[in-house]
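Before any comments, here is the structure.
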Protein chains: 2
Amino acid sequence: MMAKNEIPMALRAAYLALHRRSEARFAPHGITADQFVLLATLARGDALTQRELARRMPSDPSTVRAMLVLLERDDLVKRDTHPTDARARTVHLTAAGKRKFRQLWKAGESIRAQMVGSLQLHEAETLVRLLGRVAESLDAERVPVD
Amino acid sequence: MMAKNEIPMALRAAYLALHRRSEARFAPHGITADQFVLLATLARGDALTQRELARRMPSDPSTVRAMLVLLERDDLVKRDTHPTDARARTVHLTAAGKRKFRQLWKAGESIRAQMVGSLQLHEAETLVRLLGRVAESLDAERVPVD
DNA sequence: TATTGTTATACTCTATAACTATA
DNA sequence: TATAGTTATAGAGTATAACAATA
C-alpha cells in the first residue's frame with residue numbers, strides 16, 4: 001500500500017485516539033476537548049475578538065459563539081465590547097477560567113507524555129514539522145477547486 | 001516551545017484541515033467524511049458485524065448504528081442477519097454503495113495528492129509510521145488510569 | 001458596501017443506559 | 001452470564017442563511 005493512501009486514515013486514527021483520551025480526561029472537569037482548545041487559545045492570546053478566536057482555533061464563528069455561551073454560563077470566559085469597534089466583542093478568560101485551564105493543562109500532561117514517549121526527540125520534531133506541512137497543503141485558501 | 005507540547009495541536013490542525021476539505025469535497029455526493037470512512041471500511045472487508053465495523057472505524061456501536069440507518073435509507077448499505085449468530089447483523093455495501101464509494105475515492109484523489117505532494121516519499125512513509133506509533137501509544141487498552 | 005456578531009435552524013456524531021434476544 | 005444490537009435520550013460541534021448594528 002502506498003503511503004499516500006494511508007496518510008488520511010493514519011492521521012484520523014491518531015487524532016481520534018487523542019481526542020477520545022482527552023475527552024475522557026477532561027470530562028471530570030466538566031470540559032470537552034474542543035472547549036479545552038478554546039481555553040488554550042485564549043490563554044495564549046487574551047482579549048481576542050470572536051472572529052479572531054474562531055480563526056485561530058480554527059473553527060466557525062457561529063460554532064465558537066455557541067461554545068462561548070456554554071463557557072460563559074460556567075463563568076470561565078467573559079465577553080466585553082471592543083474598545084474601538086462597537087460591532088466586535090472581545091473574549092477573555094475569567095480568573096476561574098485561568099485556574100481551570102491550569103488544572104486542565106496539568107491533567108493533560110500524562111497524555112502528552114505518553115505521545116512523546118513513543119517517539120525519539122528528533123522524531124517528535126519531525127512529526128510536528130510534517131504535520132505542519134500537511135496542514136498547510138490543505139489550507140483551503142491556497143487550493144484550486146478542481 | 002518543546003515538540004511535546006506541540007504535537008496535540010499540530011495533529012488537530014492537520015486532521016481538521018483534512019476533515020473540512022473532505023466534507024466539502026464529498027458534500028455534493030450527499031456523503032459526510034465519516035460516512036466515507038464507514039464505506040471505506042466496508043469496501044476493505046465486507047459483511048462485517050456492526051460491532052466489528054465499529055471496532056475498525058473506530059467508533060461506538062450506537063454511533064455506527066445511527067450512521068447505518070442513514071446509509072441504509074439511501075440504499076448504500078444493507079444489513080442481513082448473521083448466518084450463524086442470530087443476535088448479530090452483517091453489513092455490506094449494495095451495488096449502489098460500491099459505485100458511490102468508487103466515485104468518492106476518485107473525488108478524494110486530489111486531496112490525497114495534495115497532502116503527499118507537500119512531502120518527499122520518505123517523509124510520507126515516516127509520517128505514516130510516526131502517526132501509527134502515536135496512535136498506538138494512546139490506545140486506551142494499554143493505558144493506566146493515573 | 002463590507003464586516004462583526006446574533007439568531008434560528010438543522011443535521012451529524014457521540015455516547016450512556018436500559019432493554020430484548022440470543023449465545 | 002456475557003454478548004449483539006436497539007432504543008431513548010441528551011449534548012456538543014458544525015455550518016448556512018437571514019438579520020441588525022456598525023465600520
Side-chain angles (χ1 to χ4, degrees), chain A residues 12 15-39 41 47-55 57-74 76-77 79-91 140, chain B residues 12 15-39 41 47-55 57-74 76-77 79-91 140:
Chain A
R12 180 179 186 272
Y15 171 72
L16 281 187
L18 167 64
H19 192 258
R20 291 198 170 112
R21 295 264 294 136
S22 302
E23 286 282 350
R25 184 60 58 86
F26 296 149
H29 299 266
I31 291 287
T32 68
D34 288 307
Q35 287 170 350
F36 171 77
V37 172
L38 192 157
L39 295 179
T41 306
L48 304 174
T49 63
Q50 294 187 193
R51 198 163 202 86
E52 177 62 16
L53 178 57
R55 197 191 62 74
M57 292 197 47
S59 188
D60 189 89
S62 72
T63 300
V64 166
R65 190 237 172 211
M67 297 176 72
L68 288 175
V69 167
L70 294 175
L71 292 169
E72 206 165 25
R73 180 197 62 192
D74 295 342
L76 298 176
V77 305
R79 290 184 288 170
D80 293 309
T81 55
H82 191 280
T84 62
D85 186 340
R87 297 171 306 181
R89 304 182 68 171
T90 58
V91 187
Chain B
R12 179 179 187 272
Y15 171 73
L16 282 186
L18 168 63
H19 191 259
R20 291 198 170 111
R21 293 264 294 136
S22 302
E23 286 282 352
R25 185 61 58 86
F26 296 149
H29 296 84
I31 291 287
T32 68
D34 288 306
Q35 287 170 348
F36 171 77
V37 172
L38 192 156
L39 296 178
T41 306
L48 304 174
T49 62
Q50 294 187 194
R51 201 166 201 81
E52 177 61 16
L53 178 58
R55 196 190 63 74
M57 291 198 45
S59 188
D60 188 88
S62 73
T63 301
V64 167
R65 191 236 172 212
M67 295 175 75
L68 288 174
V69 168
L70 293 175
L71 293 170
E72 207 165 25
R73 180 197 62 192
D74 296 340
L76 298 175
V77 306
R79 290 182 291 170
D80 294 308
T81 55
H82 191 280
T84 62
D85 186 340
R87 297 171 305 180
R89 305 183 69 171
T90 59
V91 188

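Below, chains carry the letters A, B, ... as their sequence lines are ordered, and counting in each starts from 1.
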> With distance as the sole criterion, is a donor-acceptor pair present between the side chains of D60(B) and S62(B) under 3.5 Å?
Replying inline: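 Result is yes, a qualifying pair exists.
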> Which heavy atom in E52(A) sits nearest to a heavy atom in R55(A), and how many Å separate them?
Replying inline: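 Taking E52(A) first and R55(A) second, the nearest heavy atoms are OE2-NH2, 2.9 Å.
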> How close do A33(A) and E23(A) get, heavy atom to heavy atom, and via which atoms?
Replying inline: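 Taking every non-hydrogen atom into account, N-OE2, 3.4 Å.
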> Base, sugar-phosphate, or nothing: which does Q35(A) touch, judged by heavy atoms less than 4.0 Å apart?
Replying inline: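 Here Q35(A) touches the backbone only, sparing every base.
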> How would you label the contact of D60(B) with the nucleic acid (heavy atoms, under 4.0 Å): base, sugar-phosphate, or nothing?
Replying inline: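 It contacts base atoms.
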>> What is the distance, to the nearest angstrom, from the CD1 atom on I31(A) to the C1' atom on dG11(D)?
In response: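 Those two atoms, CD1 and C1', are 14 Å apart.
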> Starting at CE of M57(A) and ending at C1' of dG13(D), how long is that distance when rounded to a whole Å?
Replying inline: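 After rounding, the gap between these two atoms is 10 Å.
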> Yes or no on side chain to side chain contact (heavy atoms under 4.5 Å, CB included) for V91(A) and V64(A), after CA distance, side-chain angles and deciding distance?
Replying inline: CA-CA 11 Å; V91(A) 187; V64(A) 166; over 6 Å; no
> Between the base of dA12(D) and the side chain of T32(A), is there a donor-acceptor distance below 3.5 Å?
Replying inline: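 It does not, because no donor-acceptor pair links the side chain of T32(A) to the base of dA12(D) below 3.5 Å.
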Phosphate-side-chain proximity, [X] and [N], N/O vs OP1/OP2 below 4.0 Å:
X	N	value
R20(B)	dG13(D)	no
R89(B)	dT6(D)	yes
R65(A)	dA15(D)	no

> Of T49(A) and L16(A), whose closest DNA chain C nucleotide lies nearer the 5' terminus?
Replying inline: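 So the residue in question is T49(A).
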> Choosing from dT14(D), dA21(D), dG5(D), which nucleotide comes nearest the side chain of R87(A)?
Replying inline: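 Taking heavy atoms from C-beta onward, the closest nucleotide is dA21(D).
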> Out of dT7(D), dA12(D), dA15(D), which nucleotide sits closest to the side chain of S62(B)?
Replying inline: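 Of all the options, the side chain of S62(B) is nearest to dT7(D).
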>> The criterion is salt bridge (Lys or Arg N to Asp or Glu O under 4.0 Å); which residues satisfy it with D74(B), sequence neighbours excluded?
In response: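 Partners of D74(B) by the salt bridge (Lys or Arg N to Asp or Glu O under 4.0 Å) criterion come out as none, since no residue qualifies.
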>> Reading DNA chain C from 5' to 3', where do the contacts with chain A start and stop? Cut-off is 4.0 Å to heavy atoms.
In response: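 Here the contact window of chain A covers dT3(C) to dA15(C).
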